[in-house]
Amino acid sequence: MISCEFTILGQPVSMKNSKIQSVKNGRAFAFKNPKVVSYEKNFALQVPAEYRNLGLGGPAAPLRVVVTAYYSSKRSDLDCGLVYDCLQNAGVISNDRYIRQKVEYAEIDAKNPRVEIV
């Protein structure tokens, strides 16, 4: 069994507001929220090299994830959807659909917001 454990610094971002709707020249379009784009980039840079492109998980190898999100205040909802997408984009997991057990915690640390992933 392979196990990974690492921390990503920065305020976790919610998927709830990941798309922004706008109208330009009379046409509606959606684009990614700049906060989401920034978080995705920062996440990718912080994934330890030994965990990149592991491609963990598969139909015969379900995954279990424990995520502790440390927010800077109590105003944020616990939403780890973007964390799972970032794990997939960094290649740590092959696809977030193979996560079959999710344990998520929300904590407050105003001075050091972060996400701890096991």
Side-chain angles (χ1 to χ4, degrees):
M1 179 169 79
I2 297 173
S3 180
C4 299
E5 185 172 348
F6 57 96
T7 299
I8 302 295
L9 301 176
Q11 175 79 24
V13 179
S14 173
M15 288 288 286
K16 190 184 304 180
N17 300 316
S18 64
K19 300 279 187 203
I20 296 176
Q21 302 287 331
S22 185
V23 176
K24 186 174 183 178
N25 299 329
R27 302 182 94 190
F29 65 99
F31 60 95
K32 275 191 176 182
N33 185 328
K35 289 182 181 180
V36 170
V37 173
S38 176
Y39 187 79
E40 289 174 331
K41 287 179 184 176
N42 288 329
F43 190 104
L45 291 172
Q46 293 183 58
V47 172
E50 64 265 25
Y51 299 140
R52 292 182 191 164
N53 301 313
L54 278 179
L56 298 174
L63 300 170
R64 183 181 79 200
V65 178
V66 178
V67 176
T68 305
Y70 291 85
Y71 294 98
S72 58
S73 72
K74 292 182 179 180
R75 296 183 64 194
S76 298
D77 294 337
L78 177 61
D79 182 357
C80 297
L82 185 58
V83 171
Y84 303 132
D85 288 345
C86 289
L87 286 170
Q88 181 176 326
N89 291 340
V92 177
I93 61 176
S94 60
N95 196 309
D96 59 355
R97 80 176 71 157
Y98 299 128
I99 301 173
R100 296 297 180 206
Q101 184 178 13
K102 298 175 183 178
V103 180
E104 301 173 343
Y105 300 99
E107 301 290 342
I108 305 301
D109 187 345
K111 294 181 180 178
N112 186 22
R114 63 194 181 279
V115 176
E116 295 177 351
I117 302 162
V118 179

Inset, instruction - Could you pull out the closest heavy-atom pair between Tyr71 and Ala106, with the gap in Å? - result: CE1-CB, 4.1 Å

Legend entry - Minimum heavy-atom distance Cys4-Leu56, with the two atoms named: SG-CD1, 3.8 Å

Inset, instruction - Decide whether Ile2 and Val118 are clustered together by the hydrophobic rule: side chain heavy atoms of Ile, Leu, Val, Met, Phe, Trp, Tyr closer than 4.5 Å, transitively. - result: no

Inset, instruction - Report yes or no: do Val65 and Phe6 belong to one cluster of Ile/Leu/Val/Met/Phe/Trp/Tyr joined by side chain heavy-atom distances under 4.5 Å? - result: yes

Please list, one pair per line, the donor and acceptor atoms closer than 3.5 Å that link side chains of residues 40-47 to other protein atoms, with sequence neighbours excluded.
{"residue": "Glu40", "atom": "OE1", "partner": "Lys32", "partner atom": "NZ", "Å": "3.0"}
{"residue": "Glu40", "atom": "OE2", "partner": "Lys32", "partner atom": "NZ", "Å": "3.0"}
{"residue": "Asn42", "atom": "ND2", "partner": "Ser38", "partner atom": "O", "Å": "3.3"}
{"residue": "Gln46", "atom": "OE1", "partner": "Leu9", "partner atom": "N", "Å": "2.7"}
{"residue": "Gln46", "atom": "NE2", "partner": "Leu9", "partner atom": "O", "Å": "3.1"}
{"residue": "Gln46", "atom": "NE2", "partner": "Asn42", "partner atom": "O", "Å": "3.4"}

Inset, instruction - State whether the number of non-hydrogen atoms from other residues, nucleotides or ligands found under 6.0 Å of Arg97 atom CZ is greater than 12. - result: no

Inset, instruction - Can you tell me which residue pairs pass the side-chain hydrogen bond (donor to acceptor under 3.5 Å, both in side chains) test with a partner in residues 1-11, sequence neighbours excluded? - result: Gln11-Ser72, Gln11-Ser76

Inset, instruction - Might you point out which heavy atoms bring Leu63 and Ile93 nearest each other, and give the distance in Å? - result: CD1-CG2, 3.5 Å

Legend entry - side-chain hydrogen bond (donor to acceptor under 3.5 Å, both in side chains): pairs with one or both residues in residues 100-118, sequence neighbours excluded: Tyr84-Glu104, Asp109-Arg114, Arg114-Glu116

Inset, instruction - Answer yes or no: is there a side-chain heavy-atom contact under 4.5 Å between Asp96 and Leu87? - result: no

Legend entry - Within-4.5 Å side-chain heavy-atom neighbours: Val115 and Tyr39: yes

Legend entry - Heavy-atom closest pair, residues Ala69 and Leu78: CB-CD1, 4.2 Å

Inset, instruction - Identify whether Val83 and Val13 are in the same connected component of the hydrophobic contact network (ILVMFWY, side-chain heavy atoms under 4.5 Å). - result: yes

Legend entry - ILVMFWY network linking Val67 to Ile8, side-chain heavy atoms under 4.5 angstrom: yes

